[in-house]
Amino acid sequence: MTAAVKPPTQIPMERLEIFLRKLAEQVSVASENNLTPRCWKPSTLCREIKSLIKSNQPALRTTFPAAHTVVDQLERMGWIHPVRVQSPLAAKPIDFLLLNLESGRGEPIYPLELLQAYLPSGVVSYFSAINYYELTTQVVTHHHVVRLDAPKPPKSLPADKATEPASVGEALERNPLGTEIFQFEAVGYYQNRRDASLVPGIQVRVVSPRCWLRITTLEQTLLDALLQPVRCGGEAVVLEAWETGARQMDADRMAEHLAKIQREDLDRRVGAMLEMLEVNLTGSTLALRLKAVSDRLKTQRVPEIPLLPGLEFSKLNQNWQVRLP
């Protein structure tokens, strides 16, 4: 005889309504503590529900079902919809859940919402940030979220032995794009690790009431493009992003970022890029900072560096000792 299939657990309506009201209070709008209350990894949502049940136990009673059972019932009710993504080979499968708080599918998923939901403490960066700020007309072929590591003590090297900084502060990875975490609609999503001292420019931006993003500032995004051009879409995307962004950026904010990063090679690249684009920043804090660097370069010998690490260019800007396209 075939064993009878156990019917799904049904939560009593009175207690379910209490739970749903409490859940709605937690996830109806985004906050600094929960940037994407609409989009969840199943494990993260189960932890949230478990915490909610525990904190409201007198009203829900000790016999209230487990978190995974609650998720199943919400899915049967049409309040939760799975978002299928493709996991890399040999990686554990990943799914996301859209929690709409009502029957129906609601708004379509926003790609960067998936990134933030995957790593709630992460920072949306590189090509994803360039796309967010509309700095390129190129189609995005990869997205990135960064996990920040505690700053490491700076290494002091003689000027004549200085190395190009493409991966300073970052773990060595086989794939130059980073660690692939999943694919969605034929686009790869990657996680990267960075030294937090390289990323002072971070802010939270509101996409919708239930979707906020922790993302690099426009100015930080432009700086990242000079250090990690491959992750930012390549040479053509970086040059287009700077052509557009240099006239939109807050020059004083970029100067603040550079002062915190303290990397003369990056100052030199910024100076060479702005000179190449003929951007006039007279009177700004950034102009004053770059002039000080330029004056120092007249009295010391430094190795030539390419405008974009990992790429070779033949034209030399003598002022900055930077090779240009």
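Looking at Ser51 and Ile53, their side chains never come closer than 4.5 Å, going by heavy atoms from C-beta outward. At a threshold of 4.5 Å between non-hydrogen side-chain atoms, the residues His144 and Val124 do not count as touching. Contact annotation: the side chain of Met77 never approaches that of Asp72 to less than 4.5 Å [non-hydrogen atoms, C-beta and beyond]. Side-chain contact between Ile80 and Leu98 is absent, with no heavy atoms from C-beta onward closer than 4.5 Å. Arg194 is not listed as a side-chain neighbour of Asp149, based on a closest heavy-atom distance of 4.5 Å or more. Looking at heavy atoms from C-beta onward, Leu177 lies in side-chain contact with Val230 at the 4.5 angstrom threshold. Counting heavy atoms from C-beta outward, Val71 and Cys46 have side chains that approach closer than 4.5 Å. No side-chain heavy atom of Phe64 sits under 4.5 Å from any side-chain heavy atom of Asn56.
Residue pairs meeting the salt bridge (charged side-chain N to carboxylate O under 4.0 Å, His left out) criterion with at least one partner in residues 272-292, sequence neighbours excluded, are Asp267-Arg289, Lys291-Asp295.
Side-chain N or O atoms of Thr69 include none that pairs as donor or acceptor with a backbone N or O of Pro65 at under 3.5 Å. A donor-acceptor pair under 3.5 Å links the side-chain atoms of Thr136 to the main chain of Gln138, judged by distance alone. Arg15 places a side-chain N or O within donor-acceptor distance of the main-chain N or O of Leu60, the cut-off being under 3.5 Å. The main-chain N or O of Arg214 is found under 3.5 Å from a side-chain atom of Gln116 such that the two form a donor-acceptor pair. Looking only at distances, a side-chain donor or acceptor of Ser55 sits under 3.5 Å from a matching main-chain atom of Leu52. Distance alone, capped at 3.5 Å, places no donor-acceptor pair between the Ser294 side chain and the Leu290 backbone. Side-chain N or O atoms of Ser128 include none that pairs as donor or acceptor with a backbone N or O of Tyr126 at under 3.5 Å. For Gln203 (side chain) and Ile215 (main-chain N/O), no donor-acceptor pair under 3.5 Å exists by modelled atom type. Asn131 places no side-chain N or O within donor-acceptor distance of the main-chain N or O of Phe127, the cut-off being under 3.5 Å. No side-chain donor-acceptor contact under 3.5 Å links Gln183 to the backbone of Val187.
Linking Ile, Leu, Val, Met, Phe, Trp and Tyr whenever their side-chain heavy atoms come within less than 4.5 Å puts Val206 and Leu35 in one cluster. Leu288 and Leu286 end up in different hydrophobic clusters when Ile, Leu, Val, Met, Phe, Trp and Tyr side chains are linked at under 4.5 Å.
Glu14 CD: 12 or fewer foreign heavy atoms inside a 6.0 Å radius. Around CD of Glu75, the count of heavy atoms belonging to other residues, nucleotides or ligands within 6.0 Å exceeds 12. Residue Lys22 qualifies as open at atom NZ: its count of foreign heavy atoms under 6.0 Å is 12 or below.
Using a cut-off of 4.0 Å between Lys/Arg side-chain N and Asp/Glu carboxylate O, Asp265 and Arg269 are scored as salt-bridged. Taking a cutoff of 4.0 Å between a charged side-chain nitrogen and a carboxylate oxygen, Glu264 and Arg296 qualify as a salt bridge.
The distance from atom CD1 of Ile130 to atom CD of Glu240, rounded to the nearest 0.5 Å, is 9.5 Å. Note that CG of Leu218 is 8.5 Å distant from CZ of Arg205, once rounded to the nearest 0.5 Å. The CD atom of Gln262 lies 12.0 Å from the CG atom of Leu198; values are rounded to the nearest 0.5 Å. Going from atom CG of Leu23 over to atom CH2 of Trp79 covers 8.5 Å, rounded to the nearest 0.5 Å. Note that CZ of Arg193 and CG of Leu148 are 10.0 Å apart. Values are rounded to the nearest 0.5 Å. From Arg268, atom CZ reaches atom CG of Leu266 across 11.0 Å, with rounding to the nearest 0.5 Å.
Between Trp242 and the options Leu135, Val279, Leu226, a side-chain contact (heavy atoms from CB on, under 4.5 Å) holds for only Leu226. Each of Val238, Leu222, Leu227 was scored for a side-chain contact (heavy atoms from CB on, under 4.5 Å) with Cys232, with one residue passing: Val238.
Taking the six-membered ring where the residue is Trp, the centroids of Phe182 and Phe96 are separated by under 6.0 Å. Ring centers of Tyr118 and Tyr189: at least 6.0 Å apart, outside the cut-off.
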Let me have the donor-acceptor pairs involving side chains of residues 245-261, under 3.5 Å, with sequence neighbours excluded, atom names and distances please.
unit_1: Arg247; atom_1: NH1; unit_2: Glu243; atom_2: O; d: 3.2
unit_1: Arg247; atom_1: NH1; unit_2: Glu243; atom_2: OE2; d: 3.4
unit_1: Arg247; atom_1: NH2; unit_2: Leu277; atom_2: O; d: 3.0
unit_1: Asp250; atom_1: OD1; unit_2: Asp252; atom_2: N; d: 3.0
unit_1: Asp250; atom_1: OD1; unit_2: Arg253; atom_2: N; d: 3.1
unit_1: Asp252; atom_1: OD1; unit_2: Thr285; atom_2: N; d: 3.0
unit_1: Asp252; atom_1: OD1; unit_2: Thr285; atom_2: OG1; d: 3.0
unit_1: Arg253; atom_1: NH1; unit_2: Glu219; atom_2: OE1; d: 3.3
unit_1: His257; atom_1: NE2; unit_2: Thr217; atom_2: OG1; d: 3.0

Met273 vs Leu307, side-chain contact (heavy atoms from CB on, under 4.5 Å): CA-CA, chis, key distance, verdict: CA-CA 7 Å; Met273 178 68 84; Leu307 181 66; 3.7 Å; yes
Glu304/Leu316 under side-chain contact (heavy atoms from CB on, under 4.5 Å): CA gap, chis, key distance, verdict: CA-CA 8 Å; Glu304 297 175 9; Leu316 180 64; 3.5 Å; yes
Worked verdict on Thr221 versus Thr216 for side-chain hydrogen bond (donor to acceptor under 3.5 Å, both in side chains): CA-CA 6 Å; Thr221 301; Thr216 50; 2.8 Å; yes
From CA spacing to verdict: side-chain contact (heavy atoms from CB on, under 4.5 Å), Leu297, Asn319: CA-CA 8 Å; Leu297 293 177; Asn319 293 334; over 6 Å; no
Stepwise side-chain contact (heavy atoms from CB on, under 4.5 Å) test for Glu48 and Gln26: CA-CA 9 Å; Glu48 182 76 13; Gln26 294 284 97; 3.3 Å; yes
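Between Arg210 and Ser28, the shortest heavy-atom contact is CG-O, 3.1 Å. Of all the heavy atoms in Trp212 and Thr36, the pair that sits closest is O-CG2, 3.9 Å. Of all heavy-atom pairs between Val27 and Trp40, the closest is CG1-CZ2, 3.6 Å. Taking each heavy atom of Val85 and Asp95 in turn, the nearest pair found is N-OD1, 4.2 Å. In terms of heavy atoms, Ile181 sits closest to Ile94 at O-CD1, 3.3 Å. Nearest heavy-atom pair across Phe313 and Glu235 is CE2-OE2, 3.7 Å.
Side-chain contact, Asp195 with Ser197: a donor N or O sits under 3.5 Å from an acceptor N or O. Under the 3.5 Å distance criterion, with hydrogens and angles disregarded, a donor-acceptor pair is assigned to the side chains of Gln220 and Asp224.
With sequence neighbours excluded, the residues forming a side chain to side chain contact (heavy atoms under 4.5 Å, CB included) with Asn280 are Thr282, listed by chain and number.
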